[in-house]
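Note sheet for the following structure.
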Amino acid sequence: MAIHVTLPDGNQLELPEGATGADAAAAIGPGLARAALAIEVSHPEAGEGPEVRDLARPLPDGAHVSILTSRSGEAALALIRHDAAHVLAAAVMELYPGVKISIGPAIEDGFYYDFEFPAGTSISEAEFPAIEERMRAHVKAAETFEREDVAPAQARERFLAEGQDYKVELIDDLVAAASAEDPLQTVSLYTNGPFTDLCRGPHAPSTSTVSAFKLRSVAGAYWRGDSDRTMLTRIYGTAFFSKSDLAEHLERIEQAKERDHRKLGRELGLFTFSDVSPGAAFWLPAGTGVFNALVAMSRRMGAERGYSEVKTPQIFDAELWRTSGHWGKYRENMFTLTVEEREMAVKPMNCPGHCQLFASTRHSYRDLPLRYSEPGLLHRNEPSGVLHGLLRVRHFAQDDGHIFCTEEQVQDEVRGCLEMAFATYAMFDFDVRLELSTRPEQRIGDDELWDRAERKLTEALAEAGLEYDLNPGDGAFYGPKIDMHMTDSLGRSWQLGTVQLDYQMPARFGLQYTGADNHEHTPVMIHRAMFGSYERFIGILLEHYGGELPLWLAPVQAIVLPVSDRFAGYAQTVCEQLSDGSVRTEVDARSESVGRKIRDAELRKIPYMLVVGEREQAENAVSVRARPAVAAEREGASGNGSGPAQDGAIPLAEFIRDVRGQL
RNA sequence: GCCGGAGUAGCUCAGCUGGUAGAGCGCCUGUCUUGUAAACAGGGGGUCAGGGGUUCGAGUCCCCUCUCCGGCUCCA
């Protein structure tokens, strides 16, 4: 009997019955046989989707197969990273007798393994060299990964005897998860050298492929992600097929550190942090300038779209938060205080204040939609461990807005929010990805209401012709939402704006409007933000642009550099004329060399450097040096793609006109 | 909040097993009067995160607190 499998090019391969992936590779060619790591098998007729399997497993007749080698991209990398996790566990078990192992998967960019070390043993990066040395020994030994399928009870007994409680729990859960009609027959064990692990697989034939690896960091991680359970020690590492790929990856990480917004914020003099107010940025003048430029943009765009800016208090009686529902669900994250025996809280969001505003007067359906905006200052008492630069703070400002409208208006309003969001993001070169989050398990309101709300969001997305990912169950407890995520220049994803439908809060606050039927109705509330928080958005922008902000956002847009003290007067004139033309300009009047002034301006990433001396003064001109990104944008610039663009002296009036055209 | 690590001048960091705190850059002053990424010289600057302890003596060892960093959990 022979079996037939189909190769990716459509050709059929005939193999003896019982042939394995390795046999298939060998049948195709000896080179491939050597390079093969695993095999992707799918069996469309049997309804079996693609699955990566060990080369040693027999192939089913009629399958479609594809051999994985080091050139198979992410799937192959994930395979050897998982191998590396086993090698790590093997090394750790040898070095630390009594250690308990839990799980060790491949992840994006690498792998980890979670351990419970014996009491009194703690691991730090100082131990990495010793662990890596043991790992290298296992790799050098080219230990084969042997798969064994055994009865769950047998595996359980084995791990129980070894004191591997986490493995026992995993087996128990696997057994429990299987149905009574279809009980779990076997679990698979993989052994490399002295180490055996409960593992679904697959693995490469041997540890020898894991040649370029590095342990990266150590961290705590809760067993099964549950904060009520044991904190395990997680060791992170990464692995590649070649030393050069590894080196390149480590280099990228170093470059990312250079773009860290916390570092850039300090270097560019934008903001600072202090022990006296953890989780809150102190904005320096330059950073405040960036902040205000964004606020101005938000105000302008809001005004163009029928928003009315409002201002509401920072501190409210607890009663308001009881009404909104925050007191019950969110109290731990609010800053509370007692004022003359009244319990009060600093606002963590603006919506209840806006509801209060709405309730302050009577409304007719003719007033709707009513769109309030407020760059509101918020405080949220985030747990200390989660604070992170500008990206996770306790004090921040939101470009917040709330729309009160009739149910019939919801769809148009949601579409309007999406339009505003895309108009906002168009100012930056982001790729924006949308996510629709639907009803969570914990929710208020009946299902009919949720059906309607979700349908309205879906239809608004469809009308706007937007693609989106569905995120079932991730909506807010009061309504479904559309979240907007961006991918930055380093490929990381960040959540920015949000559009949330809320049928609950208006009802809780007893908000009403008089309809055309002369009856009272409850409005629908839409919560929306484009930036999310200004702090977070600026942090993301800094990392995205590596600190080189677009011209219109740069705190200082041009700096005038007189070549000597004699031209300070002319420099001042140039500065004033630019400032009059709304270009944020400074003069570097220090008695320093031009080279020095250029260097300092470059380090501050100031878009335009204007050198002025004898010739410029005589001709009422400036010599322009521009940072590459800005030069590329500016018409007529002589930038050659790399390096700074330098024009000869051009008339000051012409420069001002050009720059204003760019703003 | 949890696990681990760290905190020395404005910044980046050095300071071996305990013996009265150092560099570079920045800053200030003076000289230089500068043509596209760092002129030269001199000077000021630190309760070594804060508090407690051990010791004849603590930046260094121990304990507590705070903050930061890397993760985990969380982000309604």
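Proteins get letters first, then strands, A, B, ... in listed order; numbering begins at 1 in each. This structure is a prediction, so every number in the text was calculated from the model and none was measured.
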Please find out if less than 6.0 Å separates the ring center of His527(A) from that of Tyr478(A).
yes

Which of the following nucleotides, rU33(B), rG1(B), rA37(B), is nearest to the side chain of Ser591(A)?
rU33(B)

At 4.0 Å (heavy atoms only), tell me whether Gly225(A) reaches a base, stays on the sugar-phosphate, or touches nothing.
sugar-phosphate

Whole Å only: how far is the NZ atom of Lys597(A) from the C1' atom of rU33(B)?
9 Å

When you get a sec, tell me which of rU33(B), rG26(B), rU36(B) is the closest nucleotide to the side chain of Ser564(A)?
rU33(B)

Looking for any heavy atom pair under 4.0 Å, which part of the strands does Glu592(A) touch: base, sugar-phosphate only, or nothing?
base

Can you tell me how far C1' of rA39(B) sits from CG of Asp600(A), to the nearest Å?
13 Å

Just how far, in rounded Å, is P of rA37(B) from CD of Glu267(A)?
20 Å

P gap between rG19(B) and rU33(B), integer Å
49 Å

Is Arg615(A) salt-bridged to Glu619(A), cutoff N-O under 4.0 Å?
no

Closest nucleotide among rC11(B), rU67(B), rA38(B) to the Pro278(A) side chain:
rU67(B)

Without swapping roles, check the side chain of Arg536(A) against the backbone of Gln495(A) for a donor-acceptor pair under 3.5 Å.
yes

Indicate, with a heavy-atom threshold strictly under 4.0 Å, whether Met609(A) touches base, sugar-phosphate, or nothing.
nothing

Cationic N near anionic O, under 4.0 Å, Arg443(A) to Asp447(A):
yes

Under a 3.5 Å cut-off for both contacts, is rA14(B) paired Watson-Crick or G-U wobble with anything, and if yes, with which nucleotide?
none

When rounded to the nearest Å, what value does the distance between C1' atoms of rU65(B) and rG7(B) take?
14 Å

Among Asp109(A), Ile235(A), Ile253(A), which residue satisfies the side chain to side chain contact (heavy atoms under 4.5 Å, CB included) criterion with Arg216(A)?
Ile253(A)

Can you check nucleotides 2-9 of chain B for protein contacts, nitrogen or oxygen pairs under 3.5 Å, and list what you find?
| unit_1 | atom_1 | unit_2 | atom_2 | d |
| --- | --- | --- | --- | --- |
| rC2(B) | O4' | Tyr222(A) | OH | 3.3 |
| rC3(B) | O2 | Gly220(A) | N | 3.1 |

Looking only at atom P, what distance separates rC40(B) and rG57(B), rounded to whole Å?
47 Å

Distance, C1' atom - from rC25(B) to rA37(B), rounded to whole angstrom
15 Å

Can you tell me the Watson-Crick or wobble partner of rA39(B), both distances under 3.5 angstrom?
rU31(B)

Minimum-distance nucleotide to His388(A) side chain [options: rA39(B), rG35(B), rG70(B)]
rG70(B)

Counting N and O atoms only, with roles assigned by atom type, does the side chain of Arg394(A) sit under 3.5 Å from a partner on the main chain of Glu382(A), one being a donor and the other an acceptor?
yes

Glu616(A) near the nucleic acid: base, sugar-phosphate alone, or nothing, with a heavy-atom cut-off under 4.0 Å?
base

Using the P atom in both, what is the distance from rG44(B) to rU8(B), to the nearest Å?
23 Å

In whole Å, what separates the P atom of rA9(B) from that of rG59(B)?
14 Å

Same-atom distance (P) from rU12(B) to rA21(B), integer angstrom
23 Å

Under a 4.5 Å cut-off applied to non-hydrogen side-chain atoms, are Gln164(A) and Met93(A) in contact?
yes

Classify the nucleic acid contact of Glu614(A) as base, sugar-phosphate or nothing, counting any heavy atom under 4.0 Å across all strands shown.
base

Rounded to the nearest Å, what distance is computed from the CZ atom of residue Arg262(A) to the C1' atom of nucleotide rU67(B)?
14 Å

Does rC61(B) have a Watson-Crick or wobble mate here (both distances under 3.5 Å), and if so which one?
rG53(B)

On the side chain of Arg392(A), is there an atom forming a donor-acceptor pair with the base of rC74(B) - under 3.5 Å, no angle test?
yes

Selection from rU33(B), rA76(B), rC72(B) that lies nearest to any side-chain heavy atom of Lys329(A):
rA76(B)

rC74(B) P sits how many Å from Phe477(A) CZ, rounded?
18 Å

Among rA76(B), rU73(B), rC75(B), the one nearest any side-chain atom of Ser227(A) is rU73(B)

Hey, does Gly532(A) reach any base, or is it just sugar-phosphate, or nothing, if we go heavy atoms under 4.0 Å?
nothing

How do Ser274(A) and Pro348(A) order along RNA chain B: which one's closest nucleotide is nearer the 5' end?
Ser274(A)

For Val563(A), answer base if it contacts any base atom (sugar-phosphate contacts may also be present), sugar-phosphate if it contacts only those atoms, and nothing otherwise; contact means non-hydrogen atoms under 4.0 Å.
base

Once the angle between the rings of Phe531(A) and Phe537(A) is folded into 0 to 90°, is it parallel (under 30°), tilted (30 to 60°) or perpendicular (over 60°)?
tilted

For atom CG of Asp588(A) and atom P of rA37(B), their distance in whole Å:
15 Å

Using atom CZ of Arg596(A) as one end and atom C1' of rA39(B) as the other, report the distance to the nearest whole Å.
9 Å

Please name all residues satisfying side chain to side chain contact (heavy atoms under 4.5 Å, CB included) with Phe509(A), sequence neighbours left out, ordered by chain then number.
Leu320(A), Thr323(A), Ser324(A), Pro352(A), Cys355(A), Gln356(A), Met505(A), Leu511(A)

Name the orientation class of the two ring planes belonging to Phe273(A) and Phe271(A) (parallel below 30°, tilted from 30 to 60°, perpendicular beyond 60°).
perpendicular

Considering only heavy side-chain atoms of Arg380(A), the closest of rG70(B), rA76(B), rU36(B) is rA76(B)

Scan every strand shown for a Watson-Crick or G-U wobble partner of rA9(B), both distances under 3.5 Å, and answer none if you come up empty.
none

Nucleotide rA76(B), atom P - distance to CG of Asn381(A) in whole Å
16 Å

With respect to the side chain of Tyr236(A), which nucleotide from rG71(B), rG35(B), rA37(B) is positioned closest?
rG71(B)

Over all strands shown, is Arg266(A) touching base, sugar-phosphate only, or nothing at heavy-atom distances under 4.0 angstrom?
sugar-phosphate

Is the side chain of Ser533(A) donor-acceptor paired with the backbone N or O of Gln398(A) at a distance under 3.5 Å, no angle test?
no

Using only modelled atom types and a 3.5 angstrom limit, is any donor from either the side chain of Arg625(A) or the base of rA37(B) paired with an acceptor on the other?
yes

For rC68(B) and rC32(B), measure between their P atoms and round to the nearest Å.
49 Å

Nucleotide opposite rG70(B) in a Watson-Crick or G-U pair, distances under 3.5 Å:
rC3(B)

